[in-house]
Amino acid sequence: MRSMEMRVNTFNLVHTFQSAQPVTFFGSLDGNSGAVSYVSSGNPVRVTQLSPGIVRIESPDLEAAASDFRERFRMSDDMRRIYEDIAIDQFMRDAVRKYSGLRLTLNDPWETTVVFVLSQFNNIKRIRLITSRLIDRFGEESAHGVKSFPTPEALSRATIAELNECGMGFRSRYMKAVAGTCADGLDLGRYRGKDYAAVKGMLMELPGIGDKVADCIALMGYGKLEAFPIDTWVKRTLERLYFNGKSTGIKRLHESVSGKWGGMQGYAQLYLYHHGRIDGNEA
DNA sequence: ACCCAGGCGGGCG
DNA sequence: CGCCCGCATGGG
């Protein structure tokens, strides 16, 4: 297990890990050391933040782990400029100050699709539970002796009954269908080069993926920063902040934020979501 | 016991 | 179109 240190800027590993993004559904946080562990393409990675400006990365394949870390935690984002775009009112200034260094993550499109198919009408703890069961049961052991995320082929071969045993409930038929489509030739990775509308349109043709889940995948699996997923938490927070607490339709909410944060809607959503959820919507 | 969770699909008016 | 309903399951 080799190790290296890397300089980081405006990055907070724990905040990022606690923000319920795909890597947090299959990774783990050691509460004592603050170290985050995850498996990326079969390569185990362990990251520890030594100081605000330095992280230590440990992995048997250190080169892969380091470049994966930079990509997954979006190290090339200019957070100063992003904060200028999104911290335009009191709530967002509070969110940015309190969770400074919270980053969007950029995850594998297939892995992101799986966890967000699981996310509908569900809660974060249980999404993690189901994901870990999926990896245990359908993941293959990698060269480094850890289980990697199940492939589309593996999940498409699973029976509905087997998927149900992982606790998926009514989502198992969506999972089997989506895995089947991908195993059958839909290459999710190929859409990395396409624009937001193309990515979202493709995703929404898959069963079990609607407007919100497609936006989550577009944002966290494809890095489309114009995506703005509106879940129950974001909905509540937006209504409270900008609609006097009145119940407002998703469509109006989308209209109300378009162009609001200079194209950085994805980051604005992350801070709205995290601040609204963690701080109980009372701030 | 009861309620809710990073919504979606289908059916109705 | 918009609205409304059911939905599997585990944790608070």
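Values below: every heavy atom of this structure, side chains too, minus hydrogens, waters and symmetry copies. By convention in this document, chain letters (A, B, ...) are assigned in the order of the sequence lines, proteins followed by strands, and residues within each chain are numbered from 1.
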**Asked** Taking the side chain as C-beta and beyond, is there a heavy-atom pair between A:L219 and A:P229 under 4.5 Å?
**Response** yes
**Request:** Remember a base hit wins even if backbone is also touched, and classify A:K125 as base, sugar-phosphate or nothing at under 4.0 Å, heavy atoms.
**Result:** sugar-phosphate
**Prompt:** Expressed in angstrom and rounded to an integer, what is the separation of A:L163 atom CG from C:dC7 atom C1'?
**Reply:** 17 Å
**Request:** Indicate whether OP1 or OP2 belonging to B:dG7 is found under 4.0 Å from a side-chain N or O atom of A:T232.
**Result:** yes
**Complete:** In whole angstroms, the gap separating P of B:dG7 from CH2 of A:W233 amounts to 10 Å
**Fill in**
Winner on side-chain proximity to A:R126, out of C:dG2, C:dG10, B:dG7, is C:dG10
**Message:** Just to be sure I understand the rule, does A:T24 reach a base, reach only the sugar-phosphate, or reach nothing, if contact means heavy atoms closer than 4.0 Å?
**Reply:** nothing
**Complete:** note: A:N122, atom CG; C:dA8, atom P; distance rounded to Å ~ 13 Å
**Fill in**
Rounded to whole Å, the CD1-P distance (A:I127 to B:dC4) equals 18 Å
**Prompt:** To the nearest Å, how far apart are A:N164 CG and C:dC7 C1'?
**Reply:** 13 Å
**Fill in**
Out of C:dG10, C:dA8, C:dG2, minimum distance to the side chain of A:F170 belongs to C:dA8
**Request:** Using the P atoms only, state how far C:dA8 lies from B:dG11, rounded to an integer number of Å.
**Result:** 15 Å
**Request:** Indicate whether OP1 or OP2 belonging to B:dC4 is found under 4.0 Å from a side-chain N or O atom of A:R277.
**Result:** no
**Request:** Could you check A:G208 against A:A20 and say which one's nearest nucleotide on DNA chain B is further toward the 5' end?
**Result:** A:A20
**Fill in**
Checking C:dG10, C:dG2, C:dA8 against the side chain of A:R171 (C-beta onward), the nearest is C:dA8
**Test: A:K224 cationic atom under 6.0 Å from A:Y222 six-membered ring centre, within 45° of axis** = no
**Toward the 5' end of DNA chain C, by each residue's nearest nucleotide, A:K251 or A:R173** = A:K251
**Asked** What does A:I130 touch in the nucleic acid at a heavy-atom separation under 4.0 angstrom: a base, only the sugar-phosphate, or nothing?
**Response** nothing
**Prompt:** Just how far, in rounded Å, is C1' of C:dG12 from CG of A:L129?
**Reply:** 15 Å
**Request:** Measure from NZ or CZ of A:K147 to the centre of the six-membered ring of A:F26, then state whether that distance is under 6.0 Å and the direction lies within 45° of the axis.
**Result:** no
**Request:** Compare the aromatic ring of A:Y174 with the six-membered base ring of B:dC8 and state whether they stack according to the 5.5 Å and 30° rule.
**Result:** no
**Message:** Just the rounded figure in Å: distance from C1' of B:dG9 to CD of A:E205.
**Reply:** 16 Å
**Fill in**
Paired with A:Y271, the ring pair (Phe, Tyr, Trp, His ring centres under 6.0 Å) test is passed by just one of A:Y83, A:W261, A:F91, namely A:Y83
**Message:** Nearest to the side chain of A:F121, heavy atoms from C-beta on, is which of B:dC8, C:dA8, C:dG10?
**Reply:** C:dA8
**Request:** Please state how far atom CD1 in A:I250 lies from atom C1' in C:dC1, giving the value in whole angstrom units.
**Result:** 16 Å
**A:R133 side-chain proximity, nearest of C:dG10, B:dG7, C:dG2** = C:dG10
**Request:** Indicate whether OP1 or OP2 belonging to B:dG7 is found under 4.0 Å from a side-chain N or O atom of A:K235.
**Result:** no
**Asked** Do A:Y38 and A:F149 have their ring centres less than 6.0 Å from each other?
**Response** no
**Prompt:** Hey, does A:M204 reach any base, or is it just sugar-phosphate, or nothing, if we go heavy atoms under 4.0 Å?
**Reply:** nothing
**Asked** Between A:F73 and A:F69, how do the two ring planes meet: parallel, tilted or perpendicular, split at 30° and 60°?
**Response** tilted
